[in-house]
Student: 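Take a look at the following structure, please.
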Amino acid sequence: YPTFWFDLCCIPRGEATDQLKMLPINVMSCRRFLLLLGPTFPKRLWCAWELFTIFAFSSQEQVLDRIVLYQLKGEDCDTSLKDLCNFDVLAARCFDPNHEARLLRVICALGTDRF
């Protein structure tokens with residue numbers, strides 16, 4: 001089991017498509033999920049997918065035990081928590097439009113209300 005898995009560092013850029021298929025397994029293998037909440041987190045579709053994975057396969061009690069939220073400091077971060085609470089999955093984006101299209105297909109099939 002990973003003791004510390006940091007998606008930005010653990011997914012090589014050239015292999016992102018293959019590695020991202022394993023993302024739910026990696027997320028669920030971790031005992032804790034550190035959510036570094038900054039101004040871009042609520043706008044990034046992959047971040048939403050990681051959180052959805054935890055919520056989909058864990059009880060509410062387990063989720064509250066696993067997620068450690070750390071709100072980043074700075075003037076751009078002041079509204080991050082409010083933005084996360086008002087999250088709109090259809091307004092979130094990926095850098096790669098192909099990843100975005102694939103994720104949105106799955107998300108729409110599951111139901112956007114689950115996000």
Side-chain angles (χ1 to χ4, degrees):
Y1 295 102
T3 55
F4 188 79
W5 187 78
F6 190 46
D7 62 358
L8 185 63
C9 297
C10 295
I11 300 176
R13 287 185 181 251
E15 302 171 29
T17 300
D18 293 333
Q19 294 291 327
L20 290 171
K21 292 176 187 174
M22 300 298 293
L23 187 110
I25 294 168
N26 290 326
V27 168
M28 291 308 298
S29 296
C30 296
R31 284 183 233 140
R32 297 268 192 257
F33 181 92
L34 176 62
L35 191 161
L36 298 173
L37 183 58
T40 63
F41 190 94
K43 300 171 188 165
R44 293 168 44 207
L45 196 53
W46 278 114
C47 294
W49 185 250
E50 290 172 352
L51 283 178
F52 175 77
T53 300
I54 293 173
F55 279 92
F57 297 104
S58 304
S59 69
Q60 184 176 1
E61 182 178 298
Q62 291 170 323
V63 169
L64 294 173
D65 186 52
R66 291 184 69 196
I67 295 178
V68 177
L69 187 140
Y70 179 81
Q71 188 167 358
L72 300 176
K73 306 297 182 207
E75 65 181 62
D76 290 345
C77 300
D78 292 342
T79 63
S80 300
L81 189 55
K82 180 181 166 197
D83 292 344
L84 184 60
C85 290
N86 295 319
F87 177 74
D88 177 5
V89 71
L90 297 177
R93 299 286 174 250
C94 292
F95 289 114
D96 183 328
N98 294 315
H99 290 169
E100 186 174 319
R102 286 185 195 133
L103 273 178
L104 285 175
R105 276 196 302 270
V106 174
I107 288 167
C108 288
L110 294 169
T112 57
D113 57 318
R114 295 185 69 184
F115 284 80

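Both backbone and side-chain heavy atoms feed into the values below; hydrogens, waters and symmetry mates do not. Quick note: residue numbers are just sequence positions, from 1.
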Student: Arg93: what forms a side chain to side chain donor-acceptor pair (under 3.5 Å) with it, not counting sequence neighbours?
Tutor: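 Listed in chain order: Glu100.
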Student: Measuring from atom OG of Ser80 to atom NZ of Lys73, what distance do you get when rounded to the nearest 0.5 angstrom?
Tutor: 10.0 Å
Student: With sequence neighbours left out, write down each residue that passes salt bridge (Lys or Arg N to Asp or Glu O under 4.0 Å) with Asp88, or none if nothing qualifies.
Tutor: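 Asp88 satisfies salt bridge (Lys or Arg N to Asp or Glu O under 4.0 Å) with no residue once adjacent residues are dropped.
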Student: Given the rule that I, L, V, M, F, W and Y join up when any side-chain heavy atoms are under 4.5 Å apart, are Leu64 and Leu34 in one cluster?
Tutor: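 Per the 4.5 Å side-chain linkage, Leu64 and Leu34 are not co-clustered.
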Student: Of all residues at least two apart in sequence or in a different chain, which pass the side chain to side chain donor-acceptor pair (under 3.5 Å) check with Gln71?
Tutor: none
Student: So, for Met28 and Ile54, which heavy atoms are closest and what is the spacing to 0.1 Å?
Tutor: SD-CA, 3.9 Å
Student: Can you tell me how far the OG1 atom of Thr112 sits from the CG atom of Leu90, to the nearest 0.5 Å?
Tutor: 5.5 Å
Student: Distance from Cys47 atom SG to Leu37 atom CG, nearest 0.5 Å?
Tutor: 9.5 Å
Student: Tell me, which pairs form a ring pair (Phe, Tyr, Trp, His ring centres under 6.0 Å) where one or both residues lie in residues 52-92, sequence neighbours left out?
Tutor: Trp49-Phe52, Phe52-Phe115
Student: For the CG atom of Leu45 and the NE2 atom of His99, what is their distance to the nearest 0.5 Å?
Tutor: 11.0 Å
Student: With distance as the sole test, does Arg44 use its side chain to make a donor-acceptor pair with the main-chain N or O of Phe95 at under 3.5 Å?
Tutor: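 Absent.
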Student: To the nearest 0.5 Å, how far apart are CZ in Arg32 and CG in Asp65?
Tutor: 4.5 Å
Student: If you take all heavy atoms of Pro42 and Gly38, which pair is closest and at what distance?
Tutor: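 Where Pro42 meets Gly38 most closely, the heavy atoms are CD-O, 3.4 Å.
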Student: Name all residues meeting the salt bridge (Lys or Arg N to Asp or Glu O under 4.0 Å) criterion together with Arg105; count only those two or more places apart in sequence or in a different chain, and write none if there are none.
Tutor: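 With sequence neighbours excluded, Arg105 shows a salt bridge (Lys or Arg N to Asp or Glu O under 4.0 Å) to no residue whatsoever.
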Student: Is there a donor-acceptor contact under 3.5 Å from the side chain of Ser29 to the main chain of Ile25?
Tutor: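 Indeed, once roles are kept as given, a pair shorter than 3.5 Å links the two residues.
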Student: Please enumerate all residues that pass side chain to side chain donor-acceptor pair (under 3.5 Å) together with Thr79, with sequence neighbours excluded.
Tutor: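 With sequence neighbours excluded, Thr79 shows a side chain to side chain donor-acceptor pair (under 3.5 Å) to Asp83, given in chain and number order.
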Student: Tell me, with the steps shown, if Cys94 and Leu103 meet side-chain contact (heavy atoms from CB on, under 4.5 Å).
Tutor: CA-CA 9 Å; Cys94 292; Leu103 273 178; 4.0 Å; yes
Student: How about Leu51 and Val63: do any of their side-chain heavy atoms sit closer than 4.5 Å?
Tutor: no
